[in-house]
Amino acid sequence: FPSHDSQSKTSNIPDVFLSELLVSKYPDINRLLCEIFTKHHIVCQHVKSKDIWCRDFFPITTGKNDFVWFTYNPDYLKQHPAWRTSHKELLHQSPLFTQAKPSTILVDGGNVISYEDHFVMTEKVFTENRKIPNLQQKLKELLKAQTLTFIPVEPYDVVGHSDGEVRFVNKNTLILNDFSETDHPAYGDQLISLFPNHEIIKLPYRFFDVGFYEMPPAIGCYINYLKVKDVLLVPQFGLAEDLPVLNLFSRSEERRVGKE
């Protein structure tokens, strides 16, 4: 989880948080990440949690560079309550948690993508908060968003996260998964139509049939990369798309610098 992405650093808060579970469950990945962070002077802190996906249960950076902390109780973990990390378990592990404004609205961190004060979420937020009136306005106020765009949930996606669908390069440019080779290409066209004023970069996307999995695997989902300061960490899966994706990201980063 990056504590800030394309935004200014808040004092006394590390640049990146990792779950301590990485150390025991995925030591090679943990070691590689820590080496990269050390090399680039990125401050990292491990926290105790019940799952490795810190982004989903951590506070969100708002459009004014402070934090809001939504409630993490997703429907896809109803059968796995032991995997859900609560606010109480994290509260005293970093100043980040005491500085964040808590909210009872149910939102996964993975369902919030932003650039400055433009935020993107999937419509799943309405499904999980049916009883909350004026939800859209409340979200805009909590996120301090000037623009809040809602996108449909990808077909077969049980988690409903926007971070697996779209990322900002800059305020005028978006990266979207290329759905043309999946069995739902119309979904990609629908996403593009929601951003008529943005330049769109399509990223190769390898779709796996969720029927074989309890949750869809992240294999082939390059868009779920990590950007901290000037460092970009792009996942590699041993697929034919790995190298073309790296080249595409290199060109995208040059474009970001050129337009800022």
Side-chain angles (χ1 to χ4, degrees), residues 1 5-7 53 55-77 100-180 182 184-203 205 207 210 215-216 218 221 223-225:
F1 170 84
D5 187 1
S6 305
Q7 295 162 334
W53 305 110
R55 179 180 179 88
D56 292 334
F57 45 83
F58 263 53
I60 301 296
T61 307
T62 74
K64 298 297 183 182
N65 292 321
D66 50 14
F67 301 95
V68 59
W69 201 4
F70 293 108
T71 297
Y72 179 66
N73 191 20
D75 54 5
Y76 56 83
L77 287 187
K101 179 179 181 178
S103 170
T104 57
I105 297 175
L106 300 180
V107 177
D108 295 2
N111 194 23
V112 183
I113 287 296
S114 67
Y115 188 89
E116 296 178 345
D117 57 5
H118 186 175
F119 288 77
V120 179
M121 307 176 71
T122 73
E123 294 169 347
K124 188 177 182 182
V125 67
F126 295 105
T127 303
E128 294 195 306
N129 296 280
R130 297 179 188 275
K131 297 182 179 181
I132 297 181
N134 305 315
L135 178 61
Q136 183 171 342
Q137 183 58 36
K138 289 178 179 178
L139 288 169
K140 285 192 73 172
E141 291 174 358
L142 286 168
L143 293 168
K144 300 179 181 177
Q146 180 67 32
T147 304
L148 181 54
T149 303
F150 294 98
I151 63 175
V153 176
E154 181 183 353
Y156 317 118
D157 181 10
V158 297
V159 297
H161 288 176
S162 58
D163 69 355
E165 314 296 345
V166 56
R167 297 290 294 269
F168 285 93
V169 177
N170 56 45
K171 65 181 180 181
N172 301 310
T173 309
L174 286 171
I175 297 176
L176 299 180
N177 283 328
D178 185 353
F179 291 92
S180 61
T182 71
H184 44 274
Y187 176 73
D189 296 335
Q190 189 175 8
L191 289 185
I192 292 173
S193 71
L194 294 173
F195 301 96
N197 299 318
H198 286 76
E199 180 181 356
I200 303 298
I201 300 172
K202 290 186 178 181
L203 192 66
Y205 175 55
F207 174 74
V210 71
M215 289 187 188
C221 189
I223 204 166
N224 213 345
Y225 59 87

Whether the side chain of [X] engages the backbone of [Y] through a donor-acceptor N/O pair (distance < 3.5 Å, no angle test) should be reported.
| X | Y | value |
| --- | --- | --- |
| N111 | S162 | yes |
| K171 | Y115 | no |
| D108 | D56 | no |

Q) Can you list the residues that meet the side chain to side chain donor-acceptor pair (under 3.5 Å) rule with E141, with sequence neighbours excluded? A)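 Partners of E141 under the side chain to side chain donor-acceptor pair (under 3.5 Å) test: Q137.
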
Q: Using side chain to side chain donor-acceptor pair (under 3.5 Å) as the criterion, list what pairs up with N177, not counting sequence neighbours.
A: none

Taking atom [atom1] of [X] and atom [atom2] of [Y], what is their separation to the nearest 0.5 Å?
| X | Y | atom1 | atom2 | result |
| --- | --- | --- | --- | --- |
| I60 | S103 | CD1 | OG | 11.0 Å |
| Y187 | E165 | OH | CD | 4.0 Å |
| F126 | M121 | CZ | CE | 8.0 Å |

Would you indicate whether the side-chain heavy atoms of [Y] and [X] approach each other to under 4.5 Å?
| X | Y | value |
| --- | --- | --- |
| T182 | Y205 | yes |
| Y225 | I175 | yes |
| N172 | E199 | no |

Q. When K144 is tested against each of T61, N65, D66, D117 for side-chain hydrogen bond (donor to acceptor under 3.5 Å, both in side chains), which residue passes?
A.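 Among T61, N65, D66, D117, the one meeting side-chain hydrogen bond (donor to acceptor under 3.5 Å, both in side chains) with K144 is D66.
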
Q) With T122, which of V166, V112, I151 fulfils side-chain contact (heavy atoms from CB on, under 4.5 Å)? A)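 Result for side-chain contact (heavy atoms from CB on, under 4.5 Å) with T122: I151.
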
Q.
Set out, in order, the CA-CA distance, both residues' side-chain angles and the distance that settles side chain to side chain donor-acceptor pair (under 3.5 Å) for D178 and S180, then state yes or no.
A. CA-CA 6 Å; D178 185 353; S180 61; 2.7 Å; yes

